[in-house]
Amino acid sequence: RDIGVRANADTPADAAMARQFLAEGIGLCRTEHMFFDEDRLVVMREMIFADTSHDRAAALSRLLPMQRADFVQLFEIMAGLPVCIRLFDPPLHEFLPHSREGLRELAEALDKPLSDVIRRAEALAEFNPMLGMRGVRLGVVLPEIYAMQAQAIFEATVEIAKKGTNVIPEIMIPLVSARREVELVKTHIDAVAAAVRIKTGVAFDYKLGVMVETPRAALRAGEIAQHAAFLSFGTNDLTQMTYGLSRDDAGRFMNTYVQQGVFPEDPFHILDVDGVGELLHIGAERGRATRPDLTLSICGEHGGNPESIAFCRQQGFDYVSCSPFRVPLARLAAAHLALADNVAERNSDTKS
């Protein structure tokens, strides 16, 4: 192969599976999945209902050791292979109960009036949460969340280094659409890294990158790459935003569209190389014009699709990332593509 294959892995169990399938690292670790465990959910809700930055930081300090333990496990399992960790992405209301009974129980647990809990829940509700206060927007408005996650990542890096494994964590900012967002988050994370280095006396490096999920991020990749060591295209959301389609609802009419030739294939299953692919091409070209050593990848489920791998390979991407179970297929597809090129080159040389 001449293109890397990593796995999307959110838990230590996913990471272990990825290693069994010989993935070359983790291309996407979605950290929010770690917060839905019952013991963490309680603390998350305390953080959501905190009235001040100080109170939010106090709740997050209780989540810190849990996050740190998660990352230590991931780093141990991956044994020095690259691990790309996406910072917190979903809107906060996803962590709240949806029924009145659930809100009543939450009010009792937090020792707050039910009316206050209902008011806060209603304030967090959004008409279109996929396009709401999530991803980097949370990191800009509530920087304490990303600061806690960065501290957990760096402290885990130090802990693993003391055990003899060198890790350069890759930290990925989700849902970026402007360079200034990256500048703001980078400033906070650099400060956390400096504090951990001073506190522990251990030197370490890290890479900061961006998950390209909005068309604007692809179009402005030249600016964004000034502050990013890598761009990883989240093709699930990028497809959704490019088409103006909800991937949760498109199934209602997708078969009709494919049968009548509107779309050649379901764009959520096979990468649309004409539309979404052009954004990937533009993003890659403009990003590397700014930073020639920029690492490029895709981390949507398209990463396990042979046709999509062929496109990424043509565009000079460094790796694809897909679910652990699709890693063998992706490795095989990438190998077939490289072999086919070698055969074509030999035939061409023979003819000449």
Side-chain angles (χ1 to χ4, degrees), residues 1-9 18 21-29 81-82 84 86 170 172 174 176 207 209-215 217-219 221-222 224-225 228-243 247 264-342 344-345:
R1 286 180 295 108
D2 50 15
I3 186 169
V5 177
R6 296 195 198 179
N8 301 339
F21 286 132
L22 303 182
E24 296 168 293
I26 294 175
L28 173 63
C29 172
L81 291 172
C84 185
R86 184 179 75 182
E170 300 173 5
M172 183 156 65
V176 163
K207 294 179 181 178
V210 164
M211 192 168 182
V212 179
E213 305 166 84
T214 68
L219 296 171
I224 290 168
F230 62 89
L231 299 180
S232 187
F233 291 81
T235 53
N236 298 345
D237 268 12
L238 186 57
T239 298
Q240 186 164 242
M241 293 195 190
T242 302
Y243 274 84
R247 68 175 181 266
E265 301 282 353
D266 182 340
F268 294 111
H269 293 160
I270 295 180
L271 183 69
D272 161 35
V273 296
D274 296 328
V276 180
E278 185 168 359
L279 286 172
L280 265 64
H281 173 77
I282 291 169
E285 194 173 57
R286 293 180 181 176
R288 281 198 167 149
T290 296
R291 182 180 288 214
D293 62 345
L294 186 72
T295 298
L296 298 170
S297 66
I298 66 168
C299 57
E301 274 308 301
H302 295 103
N305 176 268
E307 292 93 335
S308 307
I309 294 168
F311 177 81
C312 291
R313 189 171 166 270
Q314 289 165 2
Q315 298 299 316
F317 277 41
D318 296 280
Y319 70 87
V320 298
S321 189
C322 55
S323 70
F325 292 106
R326 301 189 79 177
V327 166
L329 174 66
R331 293 177 66 228
L332 189 63
H336 280 165
L337 291 164
L339 284 169
D341 274 5
N342 288 338
E345 283 177 20

* **Asp341: salt bridge (charged side-chain N to carboxylate O under 4.0 Å, His left out) partners, not counting sequence neighbours** =>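 Scan of Asp341 (salt bridge (charged side-chain N to carboxylate O under 4.0 Å, His left out), adjacent residues dropped) gives Arg313.
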Considering residues at least two apart in sequence or located in another chain, which fulfil the side chain to side chain donor-acceptor pair (under 3.5 Å) criterion with [X]?
X: Gln314; result: none
X: Thr239; result: none
X: Glu213; result: none
X: His336; result: none

* Asked: What's the verdict on side-chain contact (heavy atoms from CB on, under 4.5 Å) for Met172 and Ser232, showing C-alpha distance, side-chain angles and the deciding distance?
  -> CA-CA 8 Å; Met172 183 156 65; Ser232 187; 3.5 Å; yes
* Qualifying side chain to side chain donor-acceptor pair (under 3.5 Å) pairs with a residue from residues 272-282, counting only residues at least two apart or across chains ->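 Applying side chain to side chain donor-acceptor pair (under 3.5 Å) to every pair that reaches into residues 272-282, excluding sequence neighbours, yields Tyr243-Asp272, His281-Gln315.
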* Pairs touching residues 284-296 that satisfy side chain to side chain donor-acceptor pair (under 3.5 Å), sequence neighbours left out -> Arg288-Asp318
* Roughly how far, to the nearest 0.5 Å, is the CE atom of Met211 from the OG atom of Ser297? ->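 If we round to the nearest 0.5 Å, Ser297:OG and Met211:CE are 9.0 Å apart.
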* Measuring from Cys322:SG to Ile309:CD1, what's the distance to the nearest 0.5 Å? -> 6.5 Å
* What salt bridge (Lys or Arg N to Asp or Glu O under 4.0 Å) pairs are there with at least one residue in residues 326-340, not counting sequence neighbours? ->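 Non-adjacent pairs meeting salt bridge (Lys or Arg N to Asp or Glu O under 4.0 Å): Glu301-Arg326.
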* Asked: Can you name the residues that form a side-chain contact (heavy atoms from CB on, under 4.5 Å) with Pro215, not counting sequence neighbours?
  ->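 Applying side-chain contact (heavy atoms from CB on, under 4.5 Å) to Pro215 gives Leu238, Met241, Thr242, Leu279.
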* Asked: Sequence neighbours excluded, which residues qualify as side-chain contact (heavy atoms from CB on, under 4.5 Å) partners of Glu307?
  ->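 If we apply the side-chain contact (heavy atoms from CB on, under 4.5 Å) test to Glu307, skipping adjacent residues, the hits are Ile270, Asn305.
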Exercise answer: donor-acceptor pairs, residues 21-29 side-chain atoms, under 3.5 Å, sequence neighbours excluded:
from	atom 1	to	atom 2	distance (Å)
Glu24	OE1	Arg1	NH1	3.2
Glu24	OE1	Val5	N	2.7

* With Phe317 via ring-ring contact (aromatic ring centres under 6.0 Å, His included) - residues at least two apart ->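 Once residues adjacent in sequence are excluded, the partners of Phe317 under the ring-ring contact (aromatic ring centres under 6.0 Å, His included) criterion are Phe233.
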